[in-house]
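This report concerns only the one structure given below.
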Amino acid sequence: MLKTQTTEQISGHGMWSSKLAFILAATGAAVGLGNIWRFPYVTAENGGGAFVLIYLGCIALVGIPLLMTEILLGRAGRHSPINSLLQLARRSNASRTWSGVGVIGALVGVLVLSFYFVVAGWTLAYVWTYAVELVGSHAFQDTPQAHFDALLASPARLLFWSSLFLAVSVGVVAMGVEKGLEGSVRLLMPLLFGLLLIMVGYGMASGHFLQSVVYLFEPDFSAINGNVILQAVGQAFFSLSLGMTGIMAYGAYVPRDMHIGKTAAIIALADTSVAILAGLAIFPIVFAFGLESTGGQGLIFVTLPHAFAAMEFGNLYALAFFTLLAVAAWTSAISLLEPATAYLVERTSFNRPVSVLIIGGSTWLLGIGSVLSFNYWSEFLLWGKNFQELIEYVSTNIMLPAGGLLIAVFAGWIVSRVIVREQLADMNDDLYRVWRVLIRFVVPIAVLLVFLVAAGLI
Ligand code: PFF
């Protein structure tokens, strides 16, 4: 999908072969475990409707403008995020320290990936279980809850499946920027979408669909507090892959004639639809089977198997579902590896494969902490959270929004207006002004306010 030699050659990188190629890659980066695994469980933990409403508000007011901003900064800089930021700061006569935003972004990518690949390993373990079920051997232990608990209790199984997942992700990045990724997104994402629709159809027939719609969309304002708002903002950043410069890294390879505003809207729409569909698929099952919705990170791994077990050809659906979820997670994991890898390629004498091996190796080492959090270390708590939960909470709810805030300030206040306007040249003046107000005022103030409210300072 990327031509390595183009007229607009950029140091050590290629270019997306078309606008569609970029949209597919960025949608692939956005749609992943965040939509299908994280959105339903965080929604349940934060009381449903009110959380979803704030989440949707964040996508529109913070997510889309920032998505545009990351793409435009990447395209204006045409390097790895760190060096793009450095160059843009230079061209705008600003301090070079702004490139630090890229350094933090690359590190946050590694931090997020260090637990993301472990959860992705659960998905692969389920693919295996259902494949074995399908050939007639019994692989599913007792109840879905017991099956999930048994998986978490085994560091060896967790490590095996998650390492396999990470190895494939590292392999793809090593081979050059996402060759073959376009095909998988173009083909497999619509399939995942279709399967989710089938699950939503199953939910509709379960008799608990309406209850789920009310649960997801009727805001109970008494449930809102600082932490719920922080979680909704964090989830919006996580889902759209914002604040860690992954989209900026992809933006560096974007063709000149691509309309950034429209593209950002398409990506956000696709991403949000998948999250909402996942919610509409999961909650009817939760209510129909009388399951615990606030069970935390195991939510989809415990609820969906109940439905699959009750469905005709359930094992086949399950196998397809978890396989497609693993593919969606792969296309996201690649974007988490990209900023740090691109930087090493540019800055050191290491080539791409060696660079991504270094980054992947560090991620793997950190991931061992997450693997152990589900068993041997489950009792070691800091602020009531185990190691994995702490990394997930800090990286998602604090570091991603903080990164987004800095990116917004940089684009809105620091980078020369000429550079920015040139990137958004195809946007009419009114829309451009709206974007500018959002990025200069709304995004930074909103994120700051949320931090202050969540810290109990307001
Ligand atoms: N957006 C992806 C998902 O929702 O699964 C993964 C992801 C990418 C999460 C980048 C966080 C992030 F910073």
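Ligands are counted one by one from 1 in listed order, and the atoms in each one are counted from 1 as well. Note that the coordinates shown come from a computational prediction; the quantities given were computed from them, not determined experimentally.
In terms of heavy-atom proximity, F387 sits nearest to L366 at CE2-O, 3.8 Å.
Contact atoms of ligand 1 toward Y116: 2 (C), 3 (C), 5 (O), 6 (C) (distance under 4.0 Å to a heavy atom of the residue). Under a 4.0 Å criterion applied to the non-hydrogen atoms of M244, ligand 1 contributes the atoms 10 (C), 12 (C), 13 (F). Within ligand 1, the atoms closer than 4.0 Å to a non-hydrogen atom of G34 are 3 (C), 4 (O), 5 (O), numbered from 1 in the order shown. Those atoms of ligand 1 that come under 4.0 Å of a heavy atom in L33, given as number and element, are 5 (O).
Remark: the backbone N or O of Q423 is paired with a side-chain donor or acceptor of R75 at under 3.5 angstrom. Judged purely by atom type and a 3.5 angstrom limit, W377 has no side-chain atom pairing as donor or acceptor with the backbone of N386.
Checked against a 3.5 angstrom limit, the closest N/O atoms of S239 and ligand 1 fall inside it. Where the criterion is an N or O separation shorter than 3.5 Å, residue side chain and backbone included, V112 fails it with respect to ligand 1. At least one N/O-N/O distance between F238 and ligand 1 falls below 3.5 Å. When only interatomic distances are considered, the shortest N/O to N/O separation between L242 and ligand 1 does not fall below 3.5 Å.
From the protein, the heavy atom lying nearest to atom 8 (C) of ligand 1 is S241 OG, 3.2 Å. The protein heavy atom nearest to atom 12 (C) of ligand 1 is L336 CD2, 3.6 Å.
Ligand 1 does not have G246 within reach: every non-hydrogen atom of the residue lies 4.0 Å or more from it. Not a single heavy atom of A329 sits closer than 4.0 Å to an atom of ligand 1.
In this structure, P305 and F148 have side chains that are not in contact, with every pair of non-hydrogen atoms separated by 4.5 Å or more. Side chains of E389 and F115 form no contact here, defined as non-hydrogen atoms less than 4.5 Å apart.
In L400, the part holding a heavy atom less than 4.0 Å from any atom of ligand 1 is the side chain. Under 4.0 angstrom from ligand 1, there are no non-hydrogen atoms of A328.
The closest side-chain donor-acceptor pair between D149 and Q145 falls under 3.5 angstrom.
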TODO: Before giving the answer on ring-ring contact (aromatic ring centres under 6.0 Å, His included), spell out for Y126 and W161 the whole-Å C-alpha distance, their side-chain angles and the decisive distance to 0.1 Å.
DONE: CA-CA 10 Å; Y126 272 58; W161 292 112; over 10 Å; no

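Rounding to the nearest 0.5 Å places CZ of F283 at 12.5 Å from CZ of F209.
Here E392 does not pair with K385 in a salt bridge; the nearest charged N to carboxylate O distance is not below 4.0 Å.
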